[in-house]
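Predicted, not measured: the structure shown is a model, and the values here were computed from it. Index from 1, following the sequence.
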Amino acid sequence: MINWLGVYTLYKREVWRFLKVMNQTLLAPVITTLLFLAILTLSLSGQSGNLVNGVPYRNFIAPGLIMMAVVQNAFANTSSSLMLSKIQGVIIDLLMPPFTGTEITFSLVMGGVTRGALVGLVVSLSVYIFVPFTVYHWGAAIFFIMAASLMLALLGLLTGIWSQSFDQLSAITNYIITPLSFLSGTFYSIQRLPGFLYNICHFNPFFYMIDGFRYALTDQADGNIQTGMTVLIVTNCILWGLAQELITRGYRLKT
């Protein structure tokens, strides 16, 4: 039987944890995204024919910048939460109550998904002020935001489980998460890449989440949307199963 009260309480703790520092968790991504948007738009403002796949460049990069903010914050929420609990020695407060691995995984991950979705909403509204856009496919927009938040929340949880120090946590962020998000078509169309790199991009789940969300806002895509949905669903199922199993075993949590 599911401990719904415990699940809700743990989820509520995760949400209040980032809402209490809104300047850092919700407003800072807005400033960072707008700075990226301003610099990239101004740097190319004097060039003629500034279109990517028939879309003005600022409208092309806006979805990628929004998605980048979403994934970074969803990842940061779960990874920092678990890492802080381990460093401060309060992880026992998570392991001692009558929670199953499924309940702990669900509560922590949903906290990350909530932060990712809220950041996506706030950043989207802020970007819209400077770069008005039309949502052509609402279903795709919601799916890719939620699927991306879920995937990065799960990756953050796995990183928090594996890491024993903030150095290890930073290494995953700097050497894996950031490069994958930057090299997945955030600022450019992958159609401009050489053949080998173009094919490599199709093995990067980050490409599908950005391309899918861009499709929702511009009606243009570099890849196949159905393939992207399938890749994200399968990836999330695998990551969820792995995270749940590790938490159930107490891997690197009980030592």
Side-chain angles (χ1 to χ4, degrees), residues 3 6-22 24-26 28-29 67-120 145-182 205-206 209 232 235-255:
N3 179 5
V7 168
Y8 172 73
T9 302
L10 183 55
Y11 166 76
K12 183 178 178 181
R13 187 201 73 168
E14 290 300 298
V15 172
W16 276 110
R17 195 178 68 86
F18 73 79
L19 287 180
K20 288 180 69 175
V21 286
M22 290 179 59
Q24 175 186 345
T25 57
L26 294 181
M67 186 59 76
M68 189 170 68
V70 169
V71 300
Q72 288 177 345
N73 281 272
F75 177 86
N77 201 75
T78 49
S79 60
S80 64
S81 176
L82 204 54
M83 193 71 245
L84 284 171
S85 296
K86 292 165 70 174
I87 295 295
Q88 294 173 352
V90 296
I91 190 68
I92 191 67
D93 295 334
L94 187 63
L95 300 177
M96 283 294 290
F99 284 127
T100 64
T102 303
E103 292 165 350
I104 294 175
T105 302
F106 180 84
S107 301
L108 295 179
V109 168
M110 286 304 108
V113 170
T114 301
R115 177 172 168 182
L118 282 177
V119 167
I145 284 288
M146 299 305 293
S149 298
L150 178 59
M151 191 179 95
L152 269 295
L154 286 165
L155 283 173
L157 186 61
L158 289 169
T159 300
I161 292 172
W162 175 80
S163 300
Q164 298 288 4
S165 66
F166 279 106
D167 285 340
Q168 294 178 340
L169 179 61
S170 297
I172 298 296
T173 303
N174 295 330
Y175 300 137
I176 298 179
I177 302 302
T178 300
L180 284 177
S181 60
F182 273 85
F206 285 69
M209 64 177 70
L232 292 179
T235 301
N236 282 332
C237 288
I238 293 173
L239 292 176
W240 187 291
L242 179 59
Q244 181 175 308
E245 179 64 21
L246 293 178
I247 287 180
T248 300
R249 293 184 179 185
Y251 176 76
R252 290 203 172 192
L253 298 177
K254 297 179 179 180
T255 56

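At least one side-chain heavy atom of Phe182 sits under 4.5 Å from a side-chain heavy atom of Met68. Counting heavy atoms from C-beta outward, Leu108 and Leu94 have side chains that approach closer than 4.5 Å. Between Trp162 and Leu246 the shortest side-chain heavy-atom distance does not fall below 4.5 Å. Counting only heavy atoms from C-beta outward, the side chains of Leu84 and Arg17 approach each other to under 4.5 Å.
Every side-chain contact (heavy atoms from CB on, under 4.5 Å) that Thr102 has, sequence neighbours left out, goes to Thr100, Gln244. For Thr9, the side-chain contact (heavy atoms from CB on, under 4.5 Å) criterion is met by Leu5, not counting sequence neighbours. For Ala147, the side-chain contact (heavy atoms from CB on, under 4.5 Å) partners are Phe143, Leu232, Asn236, not counting sequence neighbours. Take Thr235 and apply the side-chain hydrogen bond (donor to acceptor under 3.5 Å, both in side chains) test, not counting sequence neighbours, and it matches no residue. Residues forming a ring-ring contact (aromatic ring centres under 6.0 Å, His included) with Phe166 (at least two apart in sequence, or on another chain): none. Contacts of Ser170 classified as side-chain hydrogen bond (donor to acceptor under 3.5 Å, both in side chains), with partners at least two apart in sequence or in another chain: none. The side-chain hydrogen bond (donor to acceptor under 3.5 Å, both in side chains) test applied to Gln72 returns no partner, not counting sequence neighbours. With sequence neighbours excluded, the residues satisfying side-chain contact (heavy atoms from CB on, under 4.5 Å) with Gln24 are Val21. The side-chain hydrogen bond (donor to acceptor under 3.5 Å, both in side chains) search around Glu245 returns Arg249, not counting sequence neighbours.
Annotation: Phe99, atom CZ; neighbour count of heavy atoms from other residues, nucleotides and ligands within 6.0 Å is above 12. Other residues, nucleotides and ligands contribute at most 12 non-hydrogen atoms within 6.0 Å of the OH atom of Tyr8.
With rounding to the nearest 0.5 angstrom, the CG atom of Leu150 is 6.5 Å from the CH2 atom of Trp240. Here the CG-CZ distance, from Asn73 to Arg115, works out to 4.5 Å after rounding to the nearest 0.5 Å. Here the CD1-OG distance, from Ile177 to Ser79, works out to 8.5 Å after rounding to the nearest 0.5 Å. Atom CG in Leu239 sits 10.0 Å away from atom CG in Leu157 (nearest 0.5 Å). Taking CD1 of Ile247 as the start and CD1 of Ile161 as the end, the distance is 4.0 Å to the nearest 0.5 Å. Atoms CE and OG, from Met209 and Ser149 in turn, are 9.0 Å apart once rounded to the nearest 0.5 Å.
Contact record, Ala69 with Pro29: CB-CB, 4.4 Å, taken as the closest heavy-atom pair. Here the shortest heavy-atom pairing between Ile145 and Ala117 reads CG2-CA, 4.3 Å.
The backbone N or O of Ala153 lies less than 3.5 Å from a partner atom in the side chain of Thr78, making a donor-acceptor pair. Proximity of a side-chain donor or acceptor of Lys12 to a complementary backbone N or O of Val7 within less than 3.5 Å is not detected. In this structure, the side chain of Lys86 does not engage the main chain of Ser165 through any donor-acceptor pair within 3.5 Å. Judged by distance alone, with hydrogens and angles left aside, the side-chain atoms of Thr25 form a donor-acceptor pair with the main-chain N or O of Phe18 at under 3.5 Å. Side-chain atoms of Ser181 come within 3.5 Å of backbone N or O of Thr178 as a donor-acceptor pair.
Sequence neighbours left out, not one pair with a member in residues 154-163 passes salt bridge (Lys or Arg N to Asp or Glu O under 4.0 Å).
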Apply side-chain contact (heavy atoms from CB on, under 4.5 Å) to the pair Asn77 and Thr114, showing each step before the final yes or no. CA-CA 10 Å; Asn77 201 75; Thr114 301; over 6 Å; no
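Looking at Ser81 and Glu14, their side chains do bring a donor and an acceptor atom within 3.5 Å of each other.
Only one option out of Ile87, Ile91, Leu169, Leu158 pairs with Leu82 in a side-chain contact (heavy atoms from CB on, under 4.5 Å); it is Ile91.
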